[in-house]
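Take a look at the structure set out below.
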Amino acid sequence: MNRGRFITIEGVEGVGKSTNLTVLETLIKEQGFDVLVTREPGGTATGERVRAILLDKEEEKMTPMTELLLMFAARRQHVEQVIEPALASGVWVISDRFTDSSYAYQGGGRQLGSQTIAELEGYVLGDFSPDLTIVLDLDVSTSLARATSGSEADRFESEHQDFFERVRQVFLDRASGDRYRVIDTGQTIDQVQAEIRQVIEAFCCEL
Ligand code: TYD
């Protein structure tokens with residue numbers, strides 16, 4: 001049995017992650033693979049309870065380091081309970097956010113810096129990391145306008161524009177690495193989907 005592949009999708013809120021996650025799932029199924037879609041923070045019963053604490057606006061006093069540790073606690077449970085077993089059984093896993101979000105939000109947004117995140121990553125995950133990461137990118141004013149229309153803002157969505165500018169910059173800086181593909185979601189939906197198709201077809205071709 002071939003091991004599954006681990007794909008993550010990342011970006012600032014409002015860049016179009018939800019819509020494009022469905023597109024990604026369909027494309028991978030078209031290639032003939034079984035797919036499991038999951039998310040962070042969350043993805044397990046324990047992780048979803050941690051998520052509720054992390055997003056709760058009443059948690060005004062939570063410090064950046066506590067926030068980071070909760071992200072990694074939920075992540076460890078997610079990897080052990082869900083992601084690793086699925087990959088081992090040949091299923092492909094798509095996660096809506098993973099460790100790159102901790103670099104971007106806690107490292108950049110909360111200004112804890114990348115070294116702290118890297119140390120924790122090494123301790124909690126060893127060398128486990130995604131095989132492919134798709135970063136959806138859009139200018140912050142547009143993405144925030146999209147994210148905040150509709151439902152009430154959570155603890156992260158209540159942050160200011162400069163916080164999200166730092167978050168976006170970390171995603172873009174990290175995306176110079178080999179496993180990343182950046183897609184500009186300021187294009188039309190058709191153009192974005194065509195680019196995601198190209199990325200997945202190229203990735204599957206290399207297997
Ligand atoms: P998400 O479910 O993507 O929220 P939305 O659908 O509203 O975009 O993610 C929840 C929030 O958690 C999001 O604001 C980003 C934040 N987050 C971090 O700060 N660090 C992390 O490591 C992860 C995984 C998420």
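Both ligands and their constituent atoms are indexed starting at 1 by order of listing. Side-chain atoms are counted along with the backbone in the values below, which use heavy atoms only and exclude waters and symmetry mates.
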(request) Only one of Asp96, Thr185, Leu24, Ile134 passes side chain to side chain contact (heavy atoms under 4.5 Å, CB included) with Lys17; say which it is. (result) Asp96
(request) Can you figure out which of Glu40, His78, Met71, Arg110 has its heavy atom closest to atom 21 (C) of ligand 1? (result) Met71
(request) Of the side chain and backbone of Glu67, name the one, both, or neither that has a heavy atom under 4.0 Å from an atom of ligand 1. (result) neither
(request) For Glu157, take its heavy atoms, then give the atoms of ligand 1 lying under 4.0 Å from any of them. (result) 7 (O)
(request) Would you check the N or O atoms of Arg75, main chain and side chain alike, for any that come under 3.5 Å of an N or O of ligand 1? (result) yes
(message) Quiz question: by atom type and distance under 3.5 Å, do the side chains of Thr8 and Thr133 form a donor-acceptor pair?
(response) yes
(message) With a 3.5 Å distance limit and no angle check, can you tell me whether Asp137 reaches the backbone of Val182 through a side-chain donor-acceptor pair?
(response) no
(message) If you measure every N or O of Arg51 against every N or O of ligand 1, does any of those distances drop under 3.5 Å?
(response) yes
(request) Check each heavy atom of Ala104 against ligand 1 and say whether those closer than 4.0 Å belong to the side chain, the backbone, both or neither. (result) neither
(message) Minimum distance, heavy atoms only, to atom 15 (C) of ligand 1: which one of Arg97, Gln106, Lys17 is it?
(response) Arg97
(request) Could you find the nearest protein heavy atom to atom 22 (O) of ligand 1 and give me its residue, atom name and distance? (result) Ser102 OG, 2.6 Å
(request) Kindly say whether Thr188 contributes a backbone atom to a donor-acceptor pair with the side chain of Gln191 at under 3.5 angstrom? (result) yes
(request) May I ask you to test the Leu36-Ile94 pair for a side-chain heavy-atom distance under 4.5 Å? (result) no
(request) Evaluate the criterion side-chain contact (heavy atoms from CB on, under 4.5 Å) for residue pair Glu84 and His78; output intermediate values, then yes/no. (result) CA-CA 8 Å; Glu84 185 55 57; His78 194 200; over 6 Å; no
(request) Decide whether an N or O pair under 3.5 Å exists between Arg39 and ligand 1. (result) no
(message) For Phe98, does the six-membered ring have the charged nitrogen or CZ of Arg75 within the cation-pi criterion, i.e. under 6.0 angstrom from the centroid and within 45° of the normal?
(response) yes
(message) Tell me whether the NZ or CZ atom of Arg110 lies within the 45° cone about the ring axis of Tyr105 and under 6.0 Å from its centre.
(response) no
(message) Checking a contact table here: which protein heavy atom is nearest atom 14 (O) of ligand 1, and how many Å away?
(response) Glu13 OE1, 2.6 Å
(message) Under a 4.0 angstrom heavy-atom cut-off, which atoms of ligand 1 come close to Pro41?
(response) 12 (O), 23 (C), 24 (C), 25 (C)
(message) I need the nearest protein heavy-atom contact for atom 23 (C) of ligand 1: residue, atom name and distance, please.
(response) Ser101 CB, 3.4 Å
